[in-house]
Amino acid sequence: MVAKLMHAVQYKSYGGGPSGLKHVEIPIPTPKKDEVLLKVEAASLNPGDFKIQKGMARPFLPRKLPHTPVTDVAGEIVEVGQGVQKFKVGDKVVALLTYSNGGGLAEFAAAKEKSVVSRPPEVSAAEGAGLPVAGLSAHQALTKAAGIKLDGTGQLKNILITGAAGGVGLYAVQLAKLGNTHVTATCGARNLELVKSLGADEVLDYKTTEGEALKSPSGRKYDFVIHSASAAIPWSVFEPNLSARGKVIDLTPGASSLFTFLLKKITFSDKRLVPLMINANAENLDCLVQLVKEGKLKTLIDSNHSLSKAEDAWAKRINSQCTGKIIVEP
C-alpha cells in the first residue's frame with residue numbers, strides 16, 4: 001500500500017460534543033491475526049458513540065484516548081491478516097467494529113473476521129453501514145428475546161415498538177412485519193405516515209394522551225414491547241398494557257430498568273422487563289444484509305456527510321430529531 005497515513009476523526013478527552021472532534025493524520029492500521037483491513041466507504045452513527053464520548057462508559061470505554069469513534073462500517077477489503085479464511089482483497093463487506101477500539105471515522109479500519117459479512121452489489125455501502133448496531137438490536141430483540149420467526153410462521157403476537165422512527169425502531173417495524181405479528185408503534189407526529197408505510201398496523205403519536213399511555217387503539221394487550229425510545233418509560237405505564245405473560249424488551253437499559261428487571265425476577269411475576277445487550281453475531285448480520293438485498297428490509301437514511309465534515313454529522317445526531325441513519329462517507 002502506497003499511503004502510510006490516513007485522515008481520521010478523533011477526540012482526545014471526554015465531553016466536548018462535535019467541537020471535541022479533531023481531524024488528524026494517523027498511521028493506517030495493520031491488520032492483526034484474524035483481522036481484515038477495509039477501505040471505508042461508509043460509516044453510520046449510533047447513540048452509543050455519543051455516550052462513550054460523554055464518558056458514560058468510563059473507565060471501560062474507550063480502551064484508550066485519543067479515540068477514533070464509530071463501529072458500523074461498510075467498505076472494501078484491501079489487506080488480510082494472518083489466518084483470515086473467508087475473505088480476500090477486493091471483497092465488499094459490512095463490519096461491526098468494537099466499541100472499545102472504534103475506528104469507523106477514518107479512511108481505513110481494521111475489523112475482526114468474525115464480525116465481517118459479505119455485501120452483495122445490490123446493497124450500497126450506506127445501506128450496509130446502517131445495519132450493524134441498530135439492525136442487530138432489532139433482529140435480536142425480535143428473534144431471540146421475543147421468539148418471532150421472520151418467515152411468518154408461528155402464533156400471532158401483538159407487539160408494541162416504542163421510538164419506531166429511530167435507528168432501531170425503523171428496522172424493528174419492518175422485521176416484525178416479516179413475522180406473524182400485529183404491530184403497534186409510537187413515534188413523533190411528523191413520522192406517523194412513514195412508520196405506517198413500513199407496515200405498522202397502528203401508530204400512536206407519543207405526545208398524545210393515548211400515545212403517552214401506550215394504549216393500543218384496537219384494545220390489544222401486548223405480548224412483547226420492543227422499547228427503543230430514548231425517553232424512559234416507567235414500568236407502571238407498560239404493565240397495564242401487557243398480556244398475562246407480556247415482556248418488555250428494553251434496548252436502552254438504565255439503572256431503573258435493571259432494578260425493575262431484578263424486582264420482577266425476585267417476585268416471580270409473569271410480566272417481565274428484560275434488558276437486552278446485543279451480540280455481534282455475523283450470522284444475524286448476514287441475515288439482515290440478505291433481507292436488504294431481497295428488498296424485504298430498507299435502511300432509511302436521514303442524511304449523508306463527508307468525513308471532512310464529520311462534526312456536522314455528529315451535531316445533527318445529537319442536536320436534532322433525525323429519522324433514520326446518519327451516514328459519514330470518506
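Worth saying up front: this structure is predicted, and the values here are computed from it rather than measured. This chain uses plain numbering: 1 for the first residue, then up along the sequence.
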Would a distance-only check, ignoring hydrogens and angles, find a side-chain to backbone donor-acceptor pair under 3.5 Å from [X] to [Y]?
X      : Y      : result
Asn158 : Arg220 : no
Glu107 : His7   : yes
Glu127 : Ser124 : yes
Asn281 : Asn284 : yes
Glu113 : Gln85  : yes
Thr186 : Gly211 : no
Asn101 : Leu97  : no
Gln53  : Gly17  : yes
Thr181 : Ala176 : yes
Ser228 : Thr162 : yes

- prompt: Passes side-chain contact (heavy atoms from CB on, under 4.5 Å), Arg317 versus Phe50? Steps please.
  reply: CA-CA 9 Å; Arg317 184 64 186 76; Phe50 312 108; 3.0 Å; yes

Inset, instruction - Apply the test side-chain hydrogen bond (donor to acceptor under 3.5 Å, both in side chains) to residues Thr323 and Asp302: give CA-CA distance (whole Å), side-chain angles for both, the deciding distance (0.1 Å), then the verdict. - result: CA-CA 5 Å; Thr323 304; Asp302 177 274; 4.9 Å; no

Practice prompt. Check the pair Val70 / Trp314 against side-chain contact (heavy atoms from CB on, under 4.5 Å), numbers first and verdict last.
Written response: CA-CA 11 Å; Val70 178; Trp314 207 258; 4.2 Å; yes

Please determine whether residues [X] and [Y] belong to a single hydrophobic cluster, defined as Ile, Leu, Val, Met, Phe, Trp and Tyr linked transitively by side-chain heavy-atom distances below 4.5 Å.
X      : Y      : value
Val133 : Leu38  : no
Ile327 : Leu285 : no
Val93  : Leu291 : no
Val73  : Val94  : no
Ile249 : Leu288 : yes

Going by atom types alone, do [X] and [Y] pair a side-chain donor with an acceptor below 3.5 Å?
X      : Y      : answer
Glu239 : Ser236 : no
Ser19  : Glu311 : no
His305 : Ser303 : yes
Asn46  : Lys325 : yes

Q.
Going by side chain to side chain donor-acceptor pair (under 3.5 Å), name the pairs with one or both residues in residues 163-180, residues two or more places apart or in two chains.
A.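 For residues 163-180, and leaving out neighbouring residues, the side chain to side chain donor-acceptor pair (under 3.5 Å) pairs sorted by first residue read Tyr171-Thr299, Lys177-Asp201.
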
Indicate the atoms forming the closest heavy-atom contact of [X] with [Y], along with that distance.
X      : Y      : value
Ala42  : Pro330 : N-CD, 4.4 Å
Met6   : Pro27  : CE-O, 3.9 Å
Asp250 : His227 : OD1-CD2, 3.4 Å
Gly128 : Val123 : N-CG1, 3.8 Å
Ala200 : Val173 : N-CG1, 3.8 Å
Pro240 : Val237 : CD-O, 3.5 Å

* Asked: Is the shortest distance from a Lys or Arg side-chain nitrogen in Glu41 or Arg119 to a carboxylate oxygen in the other one below 4.0 Å?
  ->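 Arg119 and Glu41: salt-bridged.
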
Basic-acidic side-chain contact under 4.0 Å: Glu76, Lys39: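 No.
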
Heavy atoms, side chains only, cut-off 4.5 Å: are [X] and [Y] in contact?
X      : Y      : result
Leu242 : Phe224 : no
Ile161 : Thr184 : no
Asp205 : Cys187 : no
Tyr11  : Ile52  : yes
Ile159 : Leu142 : yes
Leu37  : Ile77  : no
Leu307 : Val9   : yes
Val40  : Phe108 : no

Look at atom [atom1] of [X] and say whether more than 12 heavy atoms of other residues, nucleotides or ligands are closer to it than 6.0 Å.
X      : atom1 : value
Glu25  : CD    : yes
Gln155 : CD    : no
Lys293 : NZ    : no

Kindly compute the distance separating [atom1] ([X]) from [atom2] ([Y]), expressed to the nearest 0.5 Å.
X      : Y      : atom1 : atom2 : value
Ile26  : Lys4   : CD1   : NZ    : 15.0 Å
Lys296 : Leu175 : NZ    : CG    : 11.5 Å
Ser13  : His67  : OG    : NE2   : 13.0 Å
Tyr222 : Leu160 : OH    : CG    : 4.5 Å
Leu131 : Leu96  : CG    : CG    : 11.0 Å
Ser216 : Asn241 : OG    : CG    : 8.5 Å

For Ser308, enumerate each residue passing the side chain to side chain donor-acceptor pair (under 3.5 Å) test, keeping only those at least two apart in sequence or located in another chain.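 With sequence neighbours excluded, Ser308 shows a side chain to side chain donor-acceptor pair (under 3.5 Å) to Ser306, given in chain and number order.
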
field: Glu329 and Asn304: CA distance, side-chain angles, deciding distance, side-chain contact (heavy atoms from CB on, under 4.5 Å) verdict
entry: CA-CA 7 Å; Glu329 296 163 320; Asn304 300 66; 3.5 Å; yes

Quiz prompt | Test log, rule side-chain contact (heavy atoms from CB on, under 4.5 Å), inputs Glu202 and His182 | solution = CA-CA 9 Å; Glu202 29 190 49; His182 179 280; 3.4 Å; yes

Exercise for the section: Would you please name every residue forming a salt bridge (charged side-chain N to carboxylate O under 4.0 Å, His left out) with Glu283, sequence neighbours left out? Expected result: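 Salt bridge (charged side-chain N to carboxylate O under 4.0 Å, His left out) check on Glu283 returns nothing, list empty.
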
